[in-house]
Amino acid sequence: MRETADPNALLSWYDRHARQMPWRVGPKARADGVRPDPYRVWLSEVMLQQTTVAAVKSYFLAFTERWPRVTDLAAAEDAEVMAAWAGLGYYARARNLLKCARAVAEEHGGVFPDTHAGLMALPGIGPYTASAVAAIAFDRPETVVDGNVERVMARLHDEHMPLPQSKKILTEHAEALTPTGRPGDYAQAVMDLGATICTPRNPACGLCPWRPACAAWAAGTQAELPKKAPKKRKPIRQGTAYLVRRVDGAWLLETRPETGLLGGMLGWPGTDWVDTSEPAPAEAPPIRAEWKTLPEEARHTFTHFHLRLTLKTALVPMDRAPERGAFVAAEEFRPADLPTLMRKAFDLARPR
DNA sequence: GACTCGTGGTC
DNA sequence: TGACCAAGAGT
C-alpha cells in the first residue's frame with residue numbers, strides 16, 4: 001500500500017531547499033513573522049505567467065526600483081511601462097498591469113484586496129494569480145494550479161488523461177492536498193518541487209519528498225506524464241516593415257493599436273502579416289521615399305506562427321512629413337524599448 | 001473548449 | 001534546427 005502524499009513532508013523539504021528569489025520571503029524569515037509585500041508578490045506573479053524565473057529577475061528588479069509601490073506604478077505613463085516591459089513578451093500583461101495598479105490605487109486606496117474573489121475582479125488576475133497572491137501575500141489556504149502543479153499532480157496520481165482535459169481532476173487533487181497551515185509556503189513549495197525535482201524531463205525522483213506517495217513512480221510512468229493534446233504546427237506569415245531614418249538621425253516609429261499582437265508597443269510601420277499561401281500584402285509605405293530592400297529578412301517565431309518580415313529602409317530629408325507614425329529623435333530612441341521582433345529588424349537595418 | 005498572445009533556453 | 005517548454009489570462 002502506497003503512502004498518502006504528506007503536505008508536511010513537502011514543507012519540510014521546502015524549509016531546506018527553498019529557492020531564493022528577489023520577490024520571495026523565504027520560509028525562515030516567514031516563520032520570524034516577515035510578511036511579503038502584496039505589490040511585489042502580485043508583480044512577480046504577473047511577470048512569471050508563462051515566463052521563466054531567469055527572464056523575470058532583471059525586469060522585477062528594474063520595476064521595483066523604478067516603481068517601489070503600486071501607487072507609483074499607477075502614476076506612471078503608459079509608454080514608460082510598455083517600454084520597461086519590452087522584451088518580456090505577452091504584452092497584454094503590461095497593459096493589464098497598469099489597469100490593475102490604477103484600480104488598486106483609485107478604487108482600493110492603494111491596498112490590494114486580500115481575498116481570491118477580490119483579486120479575481122482585477123485586470124490581468126486570473127484563477128492562478130488570484131490564488132498565488134491570496135496564499136503567498138495573505139496566507140489564505142488557496143490552491144495554486146500552474147504548470148508545475150499540474151505535472152506534480154499528474155504524476156502523483158498517475159493520471160494519463162491529457163491536458164487540458166484533465167485540468168479539473170488535477171485541480172481537485174491539488175485542492176485535496178492543500179493544508180490550512182502555512183498555505184503561502186506550501187504554494188511556493190509545490191511549485192519549487194515542480195521546478196527543481198519533478199521537472200518535465202529527467203525528474204529527480206531520488207530526491208523527491210513525495211516519492212513514497214507517487215503513483216507514477218510506482219508504475220514507472222513519470223517520464224511520460226503529464227500527457228498533452230498534440231499541438232498544431234505553425235503556419236508561416238509574411239509582411240514588410242519600413243525603417244525610416246531622417247537625416248538628423250531620428251527614426252520613424254509608431255505605437256501599435258492597444259489590442260492584438262504586440263498591442264500598445266512601439267514598432268516600425270508596415271504592412272499586415274498574411275499567410276504565405278495568400279498573395280503578399282499590399283505595400284503600405286508610411287512616407288514618400290526611395291526604398292531600399294535589405295538582403296536579409298527578419299525572422300521571428302510567435303506563439304502560433306512564424307514570421308518572415310521583409311525590411312525596407314529609406315533616408316529622408318527634414319521637411320518630409322510621414323503619413324503614419326512619428327519621428328523619434330536619435331537621443332530619445334532606445335532599441336531596448338522595442339519588442340524583440342522590432343529590435344531584430346532594427347539590428348539588421350541600423351547604420352554601421 | 002479553442003484561440004490568441006512572446007520570448008529565450010534547452011535538447 | 002526545430003519543437004518543446006515556462007508561476008496563464010482574456011475572449
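Per chain, numbering begins at 1; letters A, B, ... match sequence-line order. Note: hydrogens, waters and symmetry copies are ignored here, and every other heavy atom, side chains too, is used.
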Earlier contact from the 5' end, DNA chain B, for A/Gln165 and A/His300:
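On the 5' side of the pair lies A/Gln165.
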Upstream residue (5' side of DNA chain B) when A/Arg201 and A/Arg95 are each assigned their closest nucleotide
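Checking each residue's closest nucleotide, the 5'-ward one belongs to A/Arg95.
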For a quick check of understanding: with a heavy-atom distance under 4.0 Å over all strands, which category does A/Leu88 fall into, base, sugar-phosphate or nothing?
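Counting heavy atoms under 4.0 Å across all strands, the contact made by A/Leu88 includes a base.
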In this structure, how many angstroms lie between the [atom2] atom of [N] and the [atom1] atom of [X], rounded?
X        : N     : atom1 : atom2 : answer
A/Arg233 : B/dC3 : CZ    : P     : 16 Å
A/Arg343 : B/dT7 : CZ    : P     : 9 Å
A/Phe302 : B/dG6 : CZ    : P     : 7 Å
A/Ile136 : C/dA7 : CD1   : P     : 13 Å
A/His306 : C/dC4 : NE2   : C1'   : 12 Å
A/Leu341 : B/dG8 : CG    : C1'   : 15 Å
A/Leu261 : B/dT4 : CG    : P     : 11 Å
A/Leu119 : C/dA9 : CG    : P     : 12 Å

With respect to the phosphate group of [N], does any side-chain polar atom (N or O) of [X] fall under 4.0 Å of OP1 or OP2?
X        : N     : value
A/Lys232 : B/dC3 : yes
A/Gln50  : C/dA6 : no
A/His304 : B/dC3 : no
A/Thr301 : C/dG2 : no
A/Arg151 : C/dA6 : yes
A/Tyr90  : B/dT4 : no
A/Lys167 : B/dG1 : no

Give a yes-or-no answer on whether the side chains of A/Thr271 and A/Thr240 include a donor-acceptor pair shorter than 3.5 Å.
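No pair is found: no donor N or O on one side chain lies under 3.5 Å from an acceptor on the other.
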Answer with yes or no whether [X] presents, from its side chain, a donor or acceptor under 3.5 Å of a partner atom in the base of [N].
X        : N     : value
A/Arg19  : C/dA7 : yes
A/Tyr128 : C/dG8 : no
A/Thr51  : C/dG8 : no
A/Thr52  : B/dG9 : no

Trace of the side chain to side chain donor-acceptor pair (under 3.5 Å) decision for A/Lys234 with A/His304
CA-CA 6 Å; A/Lys234 295 172 180 173; A/His304 52 292; over 6 Å; no
Would you indicate which nucleotide in [options] comes nearest to any side-chain atom of [X]?
X        : options               : value
A/Trp23  : B/dT7, C/dA7, B/dC5   : C/dA7
A/Gln49  : C/dA6, C/dG8, C/dA7   : C/dG8
A/Glu45  : C/dG10, C/dA7, B/dC11 : C/dA7
A/Asp192 : C/dA9, C/dA7, B/dT10  : C/dA7

For A/Leu225, does its backbone N or O pair with a side-chain atom of A/Arg151 as donor and acceptor, under 3.5 Å?
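It does not hold such a pair.
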Salt bridge (Lys or Arg N to Asp or Glu O under 4.0 Å) between A/Asp185 and A/Arg30, intermediate numbers included
CA-CA 8 Å; A/Asp185 282 345; A/Arg30 187 67 195 81; 5.6 Å; no
Working note: A/Arg182 + A/Asp15, criterion salt bridge (Lys or Arg N to Asp or Glu O under 4.0 Å); need CA distance, chi angles, decisive distance, verdict.
CA-CA 11 Å; A/Arg182 300 181 63 188; A/Asp15 288 339; 2.7 Å; yes
Upstream residue (5' side of DNA chain C) when A/Met21 and A/Pro123 are each assigned their closest nucleotide
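Going by which nucleotide is closer to the 5' end, it is A/Met21.
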Within the 6.0 Å centroid threshold, strictly below: A/Phe327 and A/Phe333
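Between A/Phe333 and A/Phe327, which both carry aromatic rings, the centre distance is not below 6.0 Å.
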Taking the six-membered ring of A/Trp13 as reference, does the cationic atom of A/Arg19 (NZ for Lys, CZ for Arg) lie under 6.0 Å from its centre and within 45° of its axis?
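No cation-pi geometry.
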